[in-house]
There are 2 protein chains.
Amino acid sequence: MDQRTGTGLPASFELAWGVREQPNKGPKRGLSLDRIIATAIAVADAEGLRAVSMGRVATELGAAPMSLYRYVATKDELLTLAADAAYGPPPDVPLPGEDWRSALARWARAERDGLRARRWILQIPISGPPTTPNAVAWMDRALRCVEGTGLDAGERMGVLLLVTGFVRSNVLIESQIVEAMEAAGQPAETRLDGYGKRLAAVADRARFPALHAVIDTGVLDEESGDENEDFDFGLDRVLDGIEALIGTRSLRP
Amino acid sequence: MDQRTGTGLPASFELAWGVREQPNKGPKRGLSLDRIIATAIAVADAEGLRAVSMGRVATELGAAPMSLYRYVATKDELLTLAADAAYGPPPDVPLPGEDWRSALARWARAERDGLRARRWILQIPISGPPTTPNAVAWMDRALRCVEGTGLDAGERMGVLLLVTGFVRSNVLIESQIVEAMEAAGQPAETRLDGYGKRLAAVADRARFPALHAVIDTGVLDEESGDENEDFDFGLDRVLDGIEALIGTRSLRP
DNA sequence: CAAAAACTGCGTAAGTGATACGCAGAAAGT
DNA sequence: ACTTTCTGCGTATCACTTACGCAGTTTTTG
């Protein structure tokens, strides 16, 4: 099922795009790519990415693992498609008359929401630039937000990569913290109060003065009350930086 | 070998930090954590991350796979330590009297250089915030760059996360492109000239107008002549955004 | 209508990988 | 000398991905 045709994409991707003709010979299919993908997502949602194996997905479908290979060439391919479907369609941005900053911020928040709901997406090894339908749709929407700002095509792409990179990075780091806190179900007498204290136990104060200055304030030992604070901080910096660039173009939407 | 003590870190991490006492009974060790880590790195450097297995590392060391478990509790632990060692020590920033922006930019570039030399680092699943020696050292150095700028501890951490997130994301995206180009060794007659063309073959122009506007310019079909261009663009945006924030603090280094 | 072609599902199998368990021997402590 | 701790590793289990090919289904072709 790795029959690449004129599009250069794997056949399963063409299926996802709806540009591949259905076979017209052979028995009726008992499976479908959509069902396989949906099942992979359900397993990941319930038990995390590591639980997603070809065998597991097949079992959930009441099929044999090898039959999945009629639809996807490799497990990696299935995971890529699962991530794409899990992303879902992009937000409706920009609204008519909406300024670029507001639109892009909404886009970023929507991506963040989606990733936080399905953190396993970020664990999927990616082996190429986005070529799946939803990923591409999200790209288009972000690019629309910065059209008419005076940025050239390369810069618009740069902005897209910057913002999406920030979002994914932010959620990834948050996920790491969430995971560490869940893993903190260690024997009670060995459990430290937080990350900062753990660091302080091994990191020499004389050698890491700036880090200790931060640890001493306690910010590394507790979650901030507002779960959006870190994200908003970073997003504002990014948008400020983009705004500075757009300002140099003397063009406003 | 998952004997957590007062630091709350895995024993192998304590070894990496040099805060774990060496056992004083039993036969002389034929292996060492450093050698195991170095071997894992050598394999990853030569053949990529997927080639790194406990069996492969053991074979390279002339040992049995199970003996590695005297030193690390899991393969994930080994990979985390390998990534840390591969990162190496941080750059010497800030220089005396160096302004925050220059220092932070140098820090970012150094991280980028390291990651580009060893792209496999970005493929390692990470399951918690940094607790290994070099990672922590890099953190400290970045924090030093923004000390004295008027940012509070939380904001300094936010800046660190923003910059490192940007660097890693930038290199990851670049790696995806590099990988796709290497994978483009497909049958010649099915090979398109570039990513943009592949997208154009499936992405409907009416549905994705902003994306097509970018594709039409050709920027998605060729590598830019300057391999630093994308990175510098993003870094400048990020630094501009941070600069805007620091400006509101009315404090200058 | 029969044969050929294409397709579907899946049984069997091979190879690989991570890691649990426990043995035997080495070295230090009592 | 005996006990304790540690090291290396043989054996084994379980799980996973995917190659190969068989048998049956369905459409197309002559």
Side-chain angles (χ1 to χ4, degrees), chain A residues 1-3 5 10-12 14-15 20-36 39-40 43-44 47-82 123-125 127, chain B residues 1-3 5 10-12 14-15 20-36 39-40 43-44 47-82 123-125 127:
Chain A
M1 182 25 122
D2 188 21
Q3 307 300 330
T5 60
S12 64
E14 290 182 342
L15 273 179
R20 184 174 179 88
E21 294 195 358
Q22 295 291 340
N24 54 14
K25 287 185 187 178
K28 289 193 197 298
R29 295 183 150 197
L31 296 172
S32 73
L33 185 59
D34 287 344
R35 279 184 65 213
I36 295 170
T39 302
V43 173
E47 298 171 47
L49 192 68
R50 285 193 176 183
V52 182
S53 67
M54 303 305 271
R56 179 63 193 282
V57 174
T59 297
E60 295 291 322
L61 288 164
M66 292 307 298
S67 51
L68 301 192
Y69 289 92
R70 300 289 188 193
Y71 299 83
V72 292
T74 62
K75 180 187 167 183
D76 279 350
E77 208 170 283
L78 171 59
L79 292 182
T80 301
L81 289 169
Q123 293 163 12
I124 292 176
S127 65
Chain B
M1 178 28 114
D2 189 19
Q3 307 300 329
T5 62
S12 64
E14 289 182 341
L15 273 179
R20 185 177 178 84
E21 294 194 356
Q22 295 292 339
N24 55 13
K25 287 187 188 177
K28 289 195 196 303
R29 293 183 152 200
L31 297 172
S32 73
L33 184 60
D34 287 344
R35 280 184 65 213
I36 294 170
T39 303
V43 172
E47 300 172 46
L49 192 68
R50 283 193 178 184
V52 181
S53 67
M54 302 306 269
R56 179 62 195 282
V57 174
T59 297
E60 295 289 322
L61 288 164
M66 291 309 298
S67 52
L68 302 192
Y69 289 93
R70 301 289 188 192
Y71 299 84
V72 292
T74 63
K75 180 187 168 184
D76 279 350
E77 208 170 282
L78 171 58
L79 292 182
T80 302
L81 289 170
Q123 292 162 16
I124 293 177
S127 64

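In what follows, every chain begins at residue 1, and chains take the letters A, B, ... in the order their sequences are listed. Note: hydrogens, waters and symmetry copies are ignored here, and every other heavy atom, side chains too, is used.
- Residue B:Leu68 contributes atom CG, which lies 11 Å from atom C1' of C:dT19 at whole-angstrom precision.
- Between A:Pro23 and A:Arg70, every side-chain heavy-atom pair lies at or beyond the 4.5 Å cut-off.
- Taking both residues in full, the closest heavy atoms of A:Tyr71 and A:Ser32 are given as CE2-CA, 3.9 Å, listed atom of the first, atom of the second, then distance.
- Considering only side-chain atoms of A:Pro27, the nucleotide from C:dG22, D:dT18, D:dT26 that sits closest is D:dT26.
- Between the CG atom in B:Leu61 and the OG1 atom in B:Thr39 there is a gap of 3.5 Å [rounded to 0.5 Å].
- B:Lys75 has its NZ atom 15 Å from the P atom of D:dC16, to the nearest Å.
- Between the C1' atom of D:dT28 and the CD atom of A:Gln22 lies a distance of 18 Å, rounded to the nearest Å.
- For the pair B:Leu81 and B:Ile36, the minimum side-chain heavy-atom distance is 4.5 Å or more.
- The CZ atom of B:Arg20 sits 9 Å away from the P atom of D:dC6 (whole-angstrom rounding).
- Using a 4.5 Å heavy-atom threshold, the side chains of A:Leu31 and A:Leu68 count as touching.
- The residue among B:Lys28 and A:Asp76 whose nearest nucleotide of DNA chain D is located toward the 5' end is B:Lys28.
- When each of B:Asn24 and B:Arg50 is assigned the nucleotide of DNA chain C bearing its nearest heavy atom, the one mapping closer to the 5' terminus is B:Arg50.
- Closest heavy-atom contact between B:Pro10 and B:Glu77: CB-OE1, 3.5 Å.
- What you find for B:Pro125 and A:Arg50 is that their closest heavy atoms are CG-NH2, 4.2 Å.
- A heavy atom lying under 4.0 Å from DNA chain D marks the following residues of residues 51-67 of chain A, by number: A:Ser53, A:Met54, A:Gly55, A:Met66.
- One interatomic measurement links the two molecules: OH of A:Tyr71 to C1' of D:dT18, which rounds to 17 Å at whole-angstrom precision.
- Nearest heavy atom pair, residue B:Lys75 against residue B:Val52, reads NZ-O, 2.9 Å.
- In the set D:dT26, C:dA18, C:dG9, D:dT26 carries the atom at the smallest distance from any side-chain atom of A:Lys25.
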> Which dot-bracket notation, 5' to 3', represents the base pairing of DNA chain D when pairs are defined as Watson-Crick or G-U with both distances under 3.5 Å, crossing pairs as [ ], and inter-strand pairs as |?
Replying inline: ||||||||||||||||||||||||||||||
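- Between the CG atom of B:Leu49 and the C1' atom of C:dG17 there is a distance of 14 Å, rounded to whole Å.
- B:Arg29 has its CZ atom 12 Å from the C1' atom of D:dT5, to the nearest Å.
- When distances are taken from the side chain of B:Tyr69 to each of D:dT17, D:dT7, C:dA18, the shortest belongs to C:dA18.
- In this structure B:Arg56 satisfies the side chain to side chain donor-acceptor pair (under 3.5 Å) test together with B:Glu47, B:Glu60, sequence neighbours excluded.
- Taking atom CZ of B:Arg70 as the reference point, atom C1' of D:dG10 lies 12 Å away to the nearest angstrom.
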